[in-house]
Amino acid sequence: MPLIIVALAVVLLLLLIMKWNLNTFISLIIVSFLTALALGMPLGEIVTSIEGGLGGTLGDIALIFGFGAILGKLVADAGGAQRIALTLIHKFGEKRIQWAVVIASFIIGVALFFEVGLVLLIPIIYQIAKEIKIPLLYLGLPMTAALSVTHGFLPPHPGPTVIAQQYGANIGMVLIYGIIIAVPTVILAGPLFTKVAKKIVPDAFSKVGNLGSLGGAKSFPEEETPSFAVSALTALFPVILMAITTVVDLLQDIGDVSDNILFEIMRMIGQPTTALLISLLLAIYTMGIARKIPMKQLMASAEESVRAIGMMLLIIGGGGALKQVLIDGGVGDSVAALFDGTSMSPIFLAWLIAAILRIALGSATVAALTTVGMVIPLMEGTDVNLALMVLATGAGSLIASHVNDTGFWIFKEYFNLSMKETFATWTLLETVISVAGLVFTLALSLIV
């Protein structure tokens, strides 16, 4: 019965969001209340469960999201992201232009949200495609593949950060394993998949992008942008700090060295919140003060970026509330009973549940959060690697983006595609990323 209630809750959530156009956050809270009642939770515990789920989810990630959004905005508004892309493109030359776009998108995607990276890079690849007379999608698919993979697999992006926090996984290890998995996934879903897509929908590769939908994305003369070294260092600094701390922790464990003040300082610096705060201060200098941009203008960019993620934070909190209701209502136990005695790998199971929820709900973040609540009971008594569970859940939550996902419409409009062409490119691309992510995660589980 609990699983039937969950299915009905998913249907209701779809109706509220898609048919009746109710705000996603409001829909999540309404469905959380109704699901709690249907699961028979005591009336006095429902509000506490919802508030606990929302607060517990946002408590650890609100600062990360805020600092990350400001950092990305400062790098973008200073022309740093554009300089990274153009420098790599110039170095690679026309014959290897696709690989230049993949690397540029990967670097930018580590630091920026998917939508921000897309808006930054589309005008650039449009100009490149026009100049060297190649189809826009020839560069567009590898670009979106790299951005999507980094968004889905690598902290400090929303999905993997939230999932890691909920599983209790080490974010540094998620980052290291995520990079190992992300590189072959990008190659497969980017340059290689582009060749397949061109055979499936050749007409899509003859279209010019819809630059009118970019909302006034900024473009700079190259001489007015920061240097490549400064831009890349600023964008990647939080990743560098987190990676150094993880390596120090590993060396400490290997050498069996006891804790001291140095290790404690390094551990604090490597926390996502601290790493992003330090990186933000660096960006204020490199992207602002060093370029004689007034502090007032920098802070205006910061305020604009935070306003842009306000609703996203609420939606993530709403997803956390629904997740907590499912846990407190015993749904996880029902799922555990359903798979009781199964020999199915917890990693595969997490991917499968996340994939089903992603197809039903559209939101990768909500699908991932709900999956966590259902899978945690199944992990008890197992020695499954938590970092790999994070990656498997993230991979499942990316599968088969379609009409109930905003990413579907963003891609369709930016590249001026028909519905059929969008399904054959974007939807299939996300599915390739999801399945490849699962395969590489399972392969890595045999080694670590």
Side-chain angles (χ1 to χ4, degrees), residues 61-90 103-124 127 147 150-151 154-158 161 214-245 268-313:
I61 65 168
L63 285 173
I64 294 174
F65 280 32
F67 290 151
I70 296 171
L71 172 63
K73 182 69 172 173
L74 292 179
V75 173
D77 284 356
Q82 180 179 328
R83 168 57 79 109
I84 292 169
L86 290 179
T87 300
L88 289 172
I89 288 163
H90 290 159
I103 293 175
S105 303
F106 193 89
I107 292 174
I108 291 170
V110 168
L112 306 182
F113 290 137
F114 175 82
E115 293 82 359
V116 178
L118 205 61
V119 171
L120 284 171
L121 288 171
I122 283 182
I124 297 171
Q127 294 164 5
L147 292 176
T150 54
H151 186 75
L154 304 183
H157 278 283
T161 302
L214 294 175
K218 292 184 178 180
S219 184
F220 303 84
E222 191 169 351
E223 61 274 9
E224 293 181 12
T225 60
S227 71
F228 173 76
V230 170
S231 301
L233 176 65
T234 304
L236 294 174
F237 203 61
V239 177
I240 293 170
L241 290 178
M242 291 166 62
I244 289 174
T245 303
M268 184 187 73
I269 290 174
Q271 292 292 322
T273 300
T274 315
L276 280 164
L277 176 59
I278 294 171
S279 302
L280 176 57
L281 295 176
L282 175 67
I284 289 174
Y285 175 76
T286 58
M287 299 290 113
I289 295 172
R291 305 186 69 242
K292 296 182 171 55
I293 297 176
M295 185 63 73
K296 188 175 181 180
Q297 184 177 332
L298 292 175
M299 292 305 100
S301 290
E303 291 173 12
E304 183 182 343
S305 68
V306 172
R307 279 197 298 268
I309 66 166
M311 182 51 67
M312 182 183 70
L313 285 173

Minimum heavy-atom separation for Ala302 and Ile70, please, with both atom names.
CB-CG2, 3.7 Å
Any side-chain heavy atom of Leu282 sitting closer than 4.5 Å to one from Leu71?
no
Side chains of Ser231 and Thr225: closer than 4.5 Å at any heavy-atom pair?
no
Hey, what do you get for CD (Glu223) to CZ (Arg83), rounding to the nearest 0.5 Å?
9.0 Å
Checking Leu233 against Ile240 for the side chain to side chain contact (heavy atoms under 4.5 Å, CB included) test, could you report, in this order, the C-alpha distance in whole Å, the side-chain angles of both residues, the deciding distance, and whether it holds?
CA-CA 9 Å; Leu233 176 65; Ile240 293 170; 4.1 Å; yes
Can you tell if the side chain of Phe228 reaches within under 4.5 Å of the side chain of Leu88, non-hydrogen atoms only?
yes
CD (Gln297) and NZ (Lys292) are apart, to the nearest 0.5 Å, by 14.5 Å
Heavy-atom pair of closest approach, residues Phe67 and Leu280:
CD2-CD2, 3.7 Å
Does a side-chain heavy-atom distance below 4.5 Å link Pro226 with Thr286?
no
For residues Met295 and Ile284, determine if any side-chain heavy atom of one lies less than 4.5 Å from a side-chain heavy atom of the other.
yes
CD-CD1 distance between Gln271 and Ile278, expressed to the nearest 0.5 angstrom:
11.0 Å
For Ser301 and Leu74, the nearest pair of non-hydrogen atoms, with its separation, is CB-CD2, 4.3 Å
Leu63 CG to Leu277 CG distance, which is reported to the nearest 0.5 Å
9.0 Å
Quick check against the 3.5 Å criterion: does Thr87 have a side-chain atom that pairs as donor or acceptor with the backbone of Ile84?
no
Nearest heavy-atom pair of Ile289 and Leu298: which atoms, and what distance?
N-CD1, 4.3 Å
Closest contact, heavy atoms only, Lys73 versus Ser305
CB-CB, 3.6 Å
In the structure I gave you, are the side-chain heavy atoms of Tyr285 and Leu281 within less than 4.5 Å of one another anywhere?
no
To the nearest 0.5 Å, atom CD1 of Ile108 lies from atom CG of Leu236 at 10.0 Å
Expected output: side-chain Thr274 to main-chain Met268 donor-acceptor under 3.5 Å:
yes
Gly80 to Met287 - nearest heavy-atom pair and separation:
CA-SD, 4.4 Å
About how many Å separate CZ of Phe106 and CG of Leu147, when rounded to the nearest 0.5 Å?
10.5 Å
